[in-house]
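Here the structure comes first, spelled out in structure tokens, and everything after it is commentary.
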Amino acid sequence: METNRNVTAAGTQLQGAAGTQKKVRLIRVPFWLGGGKAGTDLGPEYIVKAGLMRKLRAMDIEVEDEIEVDCPVQPLLTGAPARIKYLPEVLEMSGLVGEQVYRAAARDSFPLILGGDHSVAIGSLAGLTAHYENLGVIWFDAHGDLNTEETTPSGNMHGMALAIAIGKSNFKLTDIPGAGSLIKKENIVIIGARELDPGERELIRSEGIACFSMHEIDRLGIAAVIEKALEIAGNGTDGIHVSFDLDCLDPREAAGVGTPVPGGLNYREAHFALELLSESKRVTSMDIVEVNPLLDYDRRTATLAVELATSLLGKRIL
Ligand SMILES: NC(=[NH2+])NCCC[C@H](N)C(=O)O
Ligand SMILES: [Mn+2]
Ligand SMILES: [Mn+2]
């Protein structure tokens with residue numbers, strides 16, 4: 001991956017940011033091996049079927065091209081399963097995703113990555129760090145995704161994605177060919193957390209990672225949380241990536257996810273959060289992950305994913 005650094009002073013509007021962009025590059029990643037539940041690989045197909053293209057076109061956004069990453073598939077298990085599941089496959093997928101995401105960012109197209117489980121974000125971040133010198137990350141999630149090889153209760157790599165991004169696990173973002181530097185912990189924000197493993201809680205404390213759990217959202221309101229998130233992810237950064245795990249929403253709104261947790265964001269909170277991020281004109285890329293159509297009712301979660309993406313990309317009620 002060739003790098004093309006494009007540094008913008010913090011606080012200024014970023015060219016190609018959500019709310020200003022006219023071109024989107026859609027990157028579909030049908031991959032489930034990082035989450036351990038088949039069906040998440042159908043996410044991209046169902047999100048597109050739920051009308052993503054026509055909604056973007058109606059907003060005058062050009063979908064420059066649509067790429068499907070040829071993801072590795074489940075190998076036949078031979079011998080005892082590894083404790084960290086499908087590491088070689090996650091590594092291969094991340095390199096392929098990174099390549100496409102880098103290409104999109106390098107030509108000022110807004111990369112919109114459709115997962116896939118949340119390990120897909122490892123690929124997004126690999127590609128984005130090749131382009132941006134200092135990337136901020138806003139991670140919407142019921143979970144922390146901050147487990148390491150030592151602390152993971154499941155061995156599923158989607159629960160390790162953020163730890164990998166900041167270099168806290170043995171396997172690091174910088175192990176992916178073409179990736180730039182690690183994400184700085186100072187520029188990461190988790191929003192919507194309500195189920196953290198003991199090791200994750202420990203890491204959040206020891207590293208001082210900004211985490212606005214549902215408790216903070218209840219207390220402060222989502223608008224104040226987004227304002228703070230922008231300060232943190234925007235401080236000295238030349239791009240902000242939004243990684244949106246649909247399980248940040250309450251399962252009553254988004255049932256079609258692999259690891260639902262009660263007590264999440266409601267419909268308006270999620271939309272309002274993304275509308276505010278769009279208004280900031282600082283967001284330069286987005287993942288939409290963890291949609292599992294096999295666990296969904298009436299394709300509601302895929303439909304919701306489309307609506308949320310359009311809010312980030314500038315759709316307004318008035
Ligand atoms: N991206 C997700 N949905 N992650 C769920 C992670 C669940 C649990 N914390 C684990 O590490 O296994
Ligand atoms: Mn996640
Ligand atoms: Mn999650």
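Counting from 1, the numbers follow the sequence of the chain as shown. Each ligand, and each atom within it, is numbered from 1 in the order the structure gives.
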**Message:** Checking E275 against R268 for the salt bridge (Lys or Arg N to Asp or Glu O under 4.0 Å) test, could you report, in this order, the C-alpha distance in whole Å, the side-chain angles of both residues, the deciding distance, and whether it holds?
**Reply:** CA-CA 10 Å; E275 287 161 3; R268 267 314 304 166; 3.0 Å; yes
**Request:** List the steps and the verdict of salt bridge (Lys or Arg N to Asp or Glu O under 4.0 Å) for D65 and R107.
**Result:** CA-CA 12 Å; D65 46 10; R107 39 162 129 136; 3.7 Å; yes
**Asked** How far apart are the C-alpha atoms of D117 and F31, what are their side-chain angles, what is the distance that settles it, and do they pass the side-chain contact (heavy atoms from CB on, under 4.5 Å) test?
**Response** CA-CA 6 Å; D117 68 74; F31 186 76; 3.5 Å; yes
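Judged as a side chain to side chain donor-acceptor pair (under 3.5 Å), the pairs with a partner in residues 209-222 (not counting sequence neighbours) are, in order, S213-E216, H215-R219. Sequence neighbours left out, the pairs with a member in residues 248-302 that pass ring-ring contact (aromatic ring centres under 6.0 Å, His included) are Y267-H271.
Only one option out of H143, H158, K37, H118 pairs with E290 in a side chain to side chain donor-acceptor pair (under 3.5 Å); it is H158.
When atom types are taken as modelled, the side chain of R28 and the backbone of G116 share no donor-acceptor pair closer than 3.5 angstrom. Using modelled atom types, no side-chain atom of D298 and backbone atom of R300 make a donor-acceptor pair closer than 3.5 Å. Of the possible donor and acceptor atoms, one in the side chain of E269 sits under 3.5 Å from a partner among the backbone N and O of N266.
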If you look at each N/O of ligand 1, which protein N/O atoms lie under 3.5 Å away, and at what distance?
unit_1   : atom_1 : unit_2 : atom_2 : d
ligand 1 : 1 (N)  : D145   : OD1    : 3.3
ligand 1 : 1 (N)  : D145   : OD2    : 3.2
ligand 1 : 1 (N)  : H158   : ND1    : 3.4
ligand 1 : 1 (N)  : D245   : OD2    : 3.2
ligand 1 : 1 (N)  : E290   : OE2    : 3.4
ligand 1 : 3 (N)  : D245   : OD2    : 3.3
ligand 1 : 3 (N)  : D247   : OD2    : 3.1
ligand 1 : 3 (N)  : T259   : OG1    : 3.0
ligand 1 : 4 (N)  : D145   : OD1    : 2.9
ligand 1 : 9 (N)  : D197   : OD2    : 2.7
ligand 1 : 11 (O) : N147   : ND2    : 2.9
ligand 1 : 12 (O) : S154   : OG     : 2.4

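Protein N/O/S atoms closer than 2.8 Å to the Mn ion (ligand 2): H118 ND1, D141 OD2, D145 OD2, D245 OD2.
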